[in-house]
Amino acid sequence: MPIGRFPETAAVEFRVLVPAGVEGTIDWIAEAGEIGSGEPVARVGGTELTLVQTWPVRRPRPVAERRRGARPLTTGQRAIDLFYPVAEGSSAAVPGGFGTGKTVLLQQIAKWCDADVIVYVGCGERGNEMADVLDELSSLQDPRTGGALLDRTVLIANTSNMPVLAREASIYTGATVAEFYRDMGYRSVVIADSTSRWAEALREVASRTGELPAEEGYPAGLASALAAFYERSSRARTLGGADGSVTILGAISPPGGDMSEPVSAHTRRFVRCTWTLDTDLAYARHYPAVSWTGSSSRDAEPVGAWQARHGDPDWAVRRERALRLLADADRLESIAELVGAGSLPEPERLVLRTAKILREGVLQQSSLSANDARCDPTKQVALLDLVLGIHDRCARLLDRGVALATIEQIDLSPVTRARDETPPDGAAQVRNLLGELLARLGGLE
Amino acid sequence: MSARAPIEHTAIASLRGPLLVVEQVEGVGWDEVAEIRLASGEVRHGVVLDVSRDLAVVEVYEGTAGLRLDGLRVAFAGSPMTVPVGEGWLGRIVNGRGRPLDGGPPVFGTAARTVQGHPINPAARATPAEPILTGVSAIDGLATLVRGQKLPVFSVGGLPHLELAAQVAAQATAGGEPFAVVVAAMGITNADAAMVRDTLEERAAAGDLALFLNTADDPLVERILTPRLALTVAEHLAFELGRHVLVVLADMTSYCEAVREVSAARGEIPSRRGYPGYLYSDLASLYERAGRIKGRAGSVTQLPVVTMPAGDITHPVPDLTGYITEGQFVLSHDAHVRGIYPPFDPLRSLSRLMRLGAGPGRTRDDHLELAAQLYALVAQAQHAADLAEVVGADALGDSEQAYLALRAAFESDLVAQGRAESRTLEETLDRGWRVASMLPRRELTMVSEQTLARRYEEAPDAPARAAG
């Protein structure tokens with residue numbers, strides 16, 4: 001139970017907590033009214049409390065207990081929510097070479113995920129990017145509160161030309177701030193861009209202090225430091241009895257795109273989700289370039305169970321079907337490259353065609369489009385149902401002897417455009433489109 | 001430079017590569033400037049890299065060739081290296097340390113600034129928002145350079161990257177606002193330096209250009225100073241005198257080699273390919289000096305040129321550069337062989353800030369949509385070209401043939417242009433639409449119906465149209 005509260009910003013109510021380690025009866029509590037940040041607000045067990053608390057950033061803040069069971073964190077990004085979901089209080093890594101869109105993806109999540117508080121740590125990254133984040137967050141509207149997105153965001157900036165020692169500390173500062181809001185009962189998300197710069201800072205400090213290098217010059221403690229950092233993610237009952245969570249998302253910038261380097265390799269051991277960004281997809285301007293073969297989510301199963309309990313029993317089946325379609329298409333494409341697509345049987349050519357629509361109409365998402373940057377979970381499902389529904393109908397037509405060339409007469413570009421031409425929560429419009437197209441395909445029978 | 005009486009040190013412990021170790025020093029700080037007097041009367045310059053007890057390690061910009069342990073006198077200035085700043089640099093050609101090469105008098109400024117600069121507080125930065133138009137279609141149309149951006153050219157030895165950088169430096173404008181170009185050449189050949197001087201003659205005559213030349217036969221360590229001098233001068237022109245300044249840094253690979261040499265001489269633990277572990281921070285201390293500041297009129301935009309050794313984009317220099325800069329403009333050997341200038345590689349190129357500096361209110365309403373569509377089409381065309389290599393072009397379907405034709409037109413009608421040819425943005429975008437319109441309308445899924453209605457060029461007789 002907080003002993004006081006006040007609106008910190010339009011979106012976040014600050015809850016005054018008794019710090020960990022202080023206990024006893026409340027001897028005195030200040031009257032409601034304006035109180036300066038350094039002035040006393042209460043006396044508990046003989047200790048005077050103010051609104052300011054200090055905490056050593058490298059030590060995790062304690063909780064009463066970690067909660068079991070998963071609840072999805074909705075990021076508003078289809079490639080993640082539909083295929084490689086992350087649970088609240090879980091952790092994810094985003095490895096990707098330069099130009100694969102790590103920062104854009106993480107910024108999209110910072111803007112549109114349904115957390116209460118976002119702590120964005122710009123760790124050794126670009127100054128212009130931080131300025132851009134600040135600008136955009138203050139001008140964009142939070143779809144849930146109607147206020148500015150900046151109102152729920154804490155930015156911690158250590159750009160690449162700022163001191164290296166501060167960079168080493170910055171991710172811990174971020175985790176501590178997020179834990180502080182978790183303790184108030186909020187769902188907070190830490191976005192660390194990029195943990196590779198943090199590791200390099202660690203390496204630079206270690207080499208200056210003469211520590212013996214282990215892998216690629218990094219100190220031997222790299223893996224344990226990474227593990228300890230990602231373990232600060234949690235969904236917990238706080239000491240005050242509230243429910244709160246810290247989800248940690250970390251970018252990795254592997255040198256030369258080499259995923260076997262120490263930071264990438266070790267991080268994958270400790271996080272629950274990996275959203276691997278693929279250079280070839282990025283070169284082909286497929287954004288977000290989340291690879292459907294190289295990514296993974298250990299939260300997918302519990303999230304599927306959660307979806308089933310919350311009215312969508314088909315969630316896991318739909319996901320599996322789509323992933324299988326993509327994998328089949330990848331396999332068929334490598335065959336088609338040898339023999340030519342024309343010599344594949346028609347059902348397989350249909351798979352290639354559907355996978356293309358799936359990639360362009362569901363997996364791709366434009367961060368620039370007002371309609372597409374955020375996608376409500378209902379619209380996400382509707383889009384995927386749209387593609388799979390049309391595929392099923394086309395497959396049935398093939399079964400009944402309709403030629404693929406005839407089916408291809410029907411222009412399916414509205415399917416690809418639907419993500420961009422319906423509003424962020426336009427599930428109904430997408431379903432209407434499915435109905436229309438099914439009717440037109442039905443006319444071919 | 002300092003009020004302190006100059007104390008001269010004569011106890012030299014060792015000479016190691018570009019480094020000089022002075023003994024029995026007291027009160028010397030990091031980054032302090034040193035003057036080294038030889039017995040012959042020659043003066044060299046250096047900077048303190050490291051201090052430990054009574055030892056100071058000095059990096060000598062002119063190199064240590066010809067130095068002897070005895071007879072050297074080293075004086076420390078008591079302050080970090082500064083450079084005079086002001087418009088006096090414009091129209092001048094100087095060496096890598098700022099000494100005149102054009103026969104003119106030394107450059108005097110209106111004030112002095114330390115060459116290391118100061119990091120810009122991210123909260124004080126203004127987000128880049130307006131383009132610099134270069135007259136080069138591939139840049140303006142597809143990887144727009146934005147004021148305050150750092151956009152490197154990634155190239156390979158033998159490609160015309162310096163020609164391109166010089167062309168951009170000669171043609172770039174900032175929509176009629178005060179503009180200047182500062183070129184820092186590091187380790188380029190004398191022939192290239194002459195080419196750069198010729199290309200930029202007009203700009204120099206107009207008093208909009210400062211040229212810092214460190215050629216391949218100049219002292220290597222001087223290259224560590226050259227970009228810092230150039231950027232300090234540029235920052236002053238931008239943030240205090242209100243100009244939009246384009247800084248060309250060529251070649252960053254030579255710069256990094258100088259950093260590596262100093263690191264090796266200091267016996268530091270090497271990271272990848274012998275480069276020091278702090279190369280990322282070191283490069284960032286240069287690249288991050290690009291930007292705009294709230295409430296100031298000007299901007300610093302950087303166009304670094306990076307040659308990728310053996311064309312390897314994962315080499316530490318292009319790799320770390322790519323992680324710091326806001327995109328990359330990649331030149332390809334294949335396009336060069338096909339005779340395309342500039343030999344632009346659309347698939348690997350990207351301007352991250354393009355969405356801020358192009359499109360509605362910035363350039364033209366359809367610009368971003370068109371660029372995204374062209375990139376997607378070219379990626380698709382690459383797929384068709386790969387297929388053609390396996391099965392032969394004749395075995396391709398009509399749709400793939402149309403994509404191949406599109407790729408050829410993309411290169412010859414949009415990307416390729418003359419070395420002195422400057423195109424307006426209108427012309428660039430119109431050419432882009434002519435290329436995109438070679439495919440049937442329904443293939444252009446990244447452009448809105450509205451834009452298609454305005455810009456798509458119907459030409460029923462085009463042979464590619466029937467395909468698809």
Side-chain angles (χ1 to χ4, degrees), chain A residues 97-99 103-104 122 124-136 155 157-164 167 194 196-197 200-201 203-204 207 213 216-217 253 255-258 279 282-286 336-342 360-361 366-368 411-413 416-417 420-421, chain B residues 119-123 125-128 148-150 268-272 277-278 280-281 283-285 287-292 313-316 319-320 322-328 347-348 350 352-353 355-356 368 372 375-376 379-380 382-383 386-387 390-391 395-397 442-443 445 448-449:
Chain A
F98 68 78
T103 300
V104 175
E125 288 290 307
R126 308 172 178 90
N128 279 335
E129 253 163 32
M130 294 310 288
D132 186 29
V133 171
L134 254 175
D135 261 17
E136 286 208 26
L155 284 176
N158 177 285
T159 57
S160 54
N161 55 344
M162 288 183 177
V164 166
R167 190 170 311 156
S194 145
S196 295
R197 305 301 161 224
E200 281 164 12
R203 173 169 72 183
E204 203 169 322
S207 95
E216 292 193 16
S253 323
D258 167 19
T279 311
Y283 283 169
R285 298 306 192 264
H286 173 114
E337 270 176 26
L338 293 176
V339 301
E360 292 177 0
S366 164
S367 60
L368 304 178
D411 179 13
L412 290 184
S413 67
T416 313
R417 275 182 217 278
D420 203 19
E421 293 191 345
Chain B
I120 306 172
N121 180 347
R125 278 181 187 267
T127 311
Q149 184 179 21
K150 38 205 180 288
E268 289 169 330
I269 298 172
S271 168
R272 282 197 301 151
Y278 53 77
Y280 180 82
S281 305
L283 284 172
S285 74
Y287 294 144
E288 276 295 319
R289 292 173 80 170
R292 289 168 68 222
I313 202 167
T314 68
H315 181 279
D319 190 49
L320 296 177
Y323 274 123
I324 305 167
T325 54
E326 285 131 353
Q328 63 277 340
L347 296 183
R348 296 199 290 174
L350 165 79
R352 288 166 192 264
L353 301 188
R355 68 190 166 87
L356 301 174
L368 290 176
Y375 276 126
Q380 191 80 22
Q382 182 60 42
H383 207 70
D386 291 345
L387 201 57
V390 179
V391 299
L396 293 182
R442 68 175 192 191
E443 297 279 312
T445 52
S448 69
E449 290 287 0

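Order of the sequence lines sets the chain letters (A, B, ...), proteins ahead of strands, with each chain counted from 1.
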Hey, could you give me the [atom1]/[atom2] distance between [X] and [Y], rounded to the nearest 0.5 Å?
X         : Y         : atom1 : atom2 : value
Ile313(B) : Phe98(A)  : CD1   : CZ    : 4.5 Å
Glu421(A) : Thr416(A) : CD    : OG1   : 10.5 Å
Leu412(A) : Thr445(B) : CG    : OG1   : 12.0 Å
Leu134(A) : Glu129(A) : CG    : CD    : 12.5 Å

What part of [X] gets closer than 4.5 Å to chain B, counting heavy atoms only: side chain, backbone, both or neither?
X         : result
Arg203(A) : side chain
Glu125(A) : both
Ala201(A) : neither

Q: For Thr103(A) and Arg126(A), work out which heavy atoms get closest and say how close.
A: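 Of all heavy-atom pairs spanning Thr103(A) and Arg126(A), the closest is OG1-NH1, 4.5 Å.
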Name the member of [options] that forms the most heavy-atom pairs with chain A at distances under 4.5 Å.
options                         : value
Gly322(B), Ala284(B), Pro128(B) : Gly322(B)
Leu387(B), Leu368(B), Leu353(B) : Leu387(B)
His383(B), Gln328(B), Arg289(B) : Gln328(B)
Gln149(B), Glu288(B), Gln380(B) : Glu288(B)
Ala372(B), Pro122(B), Ala379(B) : Pro122(B)
Glu449(B), Arg348(B), Lys150(B) : Arg348(B)

Q | Pi-cation contact, Tyr323(B) with Arg197(A) (under 6.0 Å, within 45°) | A |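 That pair qualifies as a cation-pi contact.
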Measure [X] against the heavy atoms of chain A and call it side chain, backbone, both or neither at under 4.5 Å.
X         : answer
Ser271(B) : side chain
Arg355(B) : side chain
Gln382(B) : neither
His315(B) : neither
Leu356(B) : side chain
Leu283(B) : neither
Leu350(B) : both

With chain B, which of [options] has the greatest number of heavy-atom pairs at distances under 4.5 Å?
options                                    : answer
Gly97(A), Ser413(A), Gly122(A)             : Gly97(A)
Gly124(A), Ser253(A), Gly361(A), Pro213(A) : Ser253(A)
Ser367(A), Pro255(A), Ala284(A), Gly217(A) : Pro255(A)
Met130(A), Glu204(A), Glu200(A), Met162(A) : Glu204(A)

Q: For side chain to side chain donor-acceptor pair (under 3.5 Å), just list the numbers for Asp135(A) and Thr127(B), CA-CA rounded to whole Å, side-chain angles, deciding distance to a tenth of an Å, and then say yes or no.
A: CA-CA 7 Å; Asp135(A) 261 17; Thr127(B) 311; 2.7 Å; yes
Polar side-chain atom of [X] near backbone of [Y] as donor-acceptor pair, under 3.5 Å:
X         : Y         : result
Asn161(A) : Ser281(B) : no
Arg292(B) : Arg125(B) : no
Arg285(A) : Leu347(B) : yes

(Q) We want to know whether Asp319(B) and Thr314(B) form a side-chain donor-acceptor pair, criterion being a heavy-atom distance below 3.5 angstrom. (A)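 No donor-acceptor contact under 3.5 Å links the two side chains.
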Q. Do Glu326(B) and Asn128(A) have side-chain atoms, one donor and one acceptor, less than 3.5 Å apart?
A.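 Indeed, the side chains of Glu326(B) and Asn128(A) share at least one donor-acceptor pair under 3.5 Å.
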